[in-house]
Amino acid sequence: QVQLVESGGGLVQAGGSLRLSCTASGRTFRSMVMGWFRQAPGKEREFVSAVSWSGGSTYGADSVKGRFTMSRDNAKNTVYLQMNSLKPEDTAVYYCAAKNSWAVSPPTRGYDYWGQGTQVTVSS
């Protein structure tokens, strides 16, 4: 079993930055694909970004490319989502997810574990 705990959410003005963290329990972290998803009020949960087990490959939704960067530190069992140039439409609950797979593809689905989420609010 893997437990995921997100942190780093908060309130920020448009154009600002936040860095989300997700720390995982369990020894299998370094063999897992990790992802970030988000869900805005009244909308379905959507894919944001994913990173391969080594951190060598990352994937991002078109809506966040050039603004968000995902990374991981396997020594700390932690993944990060650096969010820059935030927009009001980025407001959502952000969820960390883990997939029991060496292969990322597809990066948008197939996740086995989910965190509780952290709220990100971007004011205009």
Side-chain angles (χ1 to χ4, degrees):
Q1 190 74 5
V2 174
Q3 291 186 327
L4 305 173
V5 179
E6 303 98 335
S7 63
L11 173 64
V12 64
Q13 289 187 332
S17 298
L18 281 175
R19 188 175 83 156
L20 305 183
S21 300
C22 171
T23 300
S25 64
R27 302 178 184 178
T28 60
F29 174 80
R30 62 183 62 217
S31 66
M32 305 184 80
V33 171
M34 301 297 295
W36 285 99
F37 289 75
R38 66 186 182 186
Q39 187 168 20
K43 295 187 177 181
E44 293 186 353
R45 186 169 58 193
E46 65 174 0
F47 168 76
V48 175
S49 187
V51 65
S52 62
W53 67 270
S54 67
S57 297
T58 57
Y59 305 80
D62 289 343
S63 59
V64 305
K65 283 183 179 178
R67 301 188 299 123
F68 292 11
T69 302
M70 186 173 183
S71 60
R72 69 189 295 163
D73 184 339
N74 285 343
K76 296 182 178 180
N77 279 18
T78 301
V79 293
Y80 306 97
L81 185 68
Q82 178 66 44
M83 305 186 294
N84 299 326
S85 302
L86 282 160
K87 305 175 182 180
E89 50 263 45
D90 294 318
T91 294
V93 177
Y94 283 71
Y95 297 92
C96 177
K99 185 190 307 192
N100 275 319
S101 173
W102 290 100
V104 177
S105 184
T108 57
R109 63 180 189 271
Y111 290 84
D112 303 291
Y113 306 100
W114 295 85
Q116 296 288 340
T118 185
Q119 176 70 47
V120 171
T121 303
V122 184
S123 63
S124 58

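Below, all heavy atoms of this structure are taken into account, side chains as well, without hydrogens, waters or symmetry copies.
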Transitive ILVMFWY side-chain link [X] to [Y], under 4.5 Å:
X: Y95; Y: V64; result: no
X: V104; Y: W36; result: no
X: Y80; Y: F68; result: no

Review point. Any side-chain heavy atom of F29 within less than 4.5 Å of one from N74?
Key: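 Counting from C-beta outward, F29 and N74 do come under 4.5 Å.
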
Check your understanding: Any side-chain heavy atom of W114 sitting closer than 4.5 Å to one from C96?
Key -> no

Review point. For A98, what residues pass the side-chain contact (heavy atoms from CB on, under 4.5 Å) criterion, not counting sequence neighbours?
Key: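 Scan of A98 (side-chain contact (heavy atoms from CB on, under 4.5 Å), adjacent residues dropped) gives L4, M32, M34, Y113.
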
Point to revise | Set of side-chain contact (heavy atoms from CB on, under 4.5 Å) partners for Q119, sequence neighbours left out | key: T91, V93, T121

**Study point:** Point-to-point distance, once rounded to the nearest 0.5 Å, from CG of L81 to CZ of R72
**Key:**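 With rounding to 0.5 Å, CG (L81) is 14.0 Å from CZ (R72).
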
Under a 3.5 Å distance rule, please check whether [X] uses its side chain to pair with a backbone N or O of [Y] as donor and acceptor.
X: N77; Y: A24; result: yes
X: S85; Y: R67; result: no
X: E6; Y: G117; result: yes

Pairs under 3.5 angstrom only: tabulate donor-acceptor contacts from the side chains of residues 37-47 to other protein residues two or more places apart or in another chain.
from: R38; atom 1: NE; to: E46; atom 2: OE2; distance (Å): 2.6
from: R38; atom 1: NH1; to: D90; atom 2: OD1; distance (Å): 2.9
from: R38; atom 1: NH1; to: Y94; atom 2: OH; distance (Å): 2.9
from: R38; atom 1: NH2; to: E46; atom 2: OE2; distance (Å): 3.1
from: Q39; atom 1: NE2; to: K43; atom 2: O; distance (Å): 3.1

Practice item. Using salt bridge (Lys or Arg N to Asp or Glu O under 4.0 Å) as the criterion, list what pairs up with K76, not counting sequence neighbours. Key: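 Once residues adjacent in sequence are excluded, K76 has no partner under the salt bridge (Lys or Arg N to Asp or Glu O under 4.0 Å) criterion.
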
Under 3.5 Å, which donor-acceptor pairs link side chains of residues 48-56 to any protein atom two or more places apart or in another chain?
from: S49; atom 1: OG; to: Y59; atom 2: O; distance (Å): 2.7
from: S52; atom 1: OG; to: G55; atom 2: N; distance (Å): 3.4
from: S52; atom 1: OG; to: G56; atom 2: N; distance (Å): 3.3
from: S52; atom 1: OG; to: S57; atom 2: N; distance (Å): 3.1
from: S52; atom 1: OG; to: S57; atom 2: O; distance (Å): 3.4
from: S54; atom 1: OG; to: G56; atom 2: N; distance (Å): 3.1

Check your understanding: After noting the C-alpha distance and the side-chain angles of T69 and T58, does the key distance pass the side-chain contact (heavy atoms from CB on, under 4.5 Å) rule?
Key -> CA-CA 8 Å; T69 302; T58 57; over 6 Å; no

**Study point:** Q3 atom CD, over 12 foreign heavy atoms within 6.0 Å
**Key:** no

Can you give each donor-acceptor pair under 3.5 Å made by side-chain atoms of residues 14-23, sequence neighbours left out, with the distance rounded to 0.1 Å?
from: S17; atom 1: OG; to: N84; atom 2: OD1; distance (Å): 2.9
from: T23; atom 1: OG1; to: T78; atom 2: OG1; distance (Å): 3.2

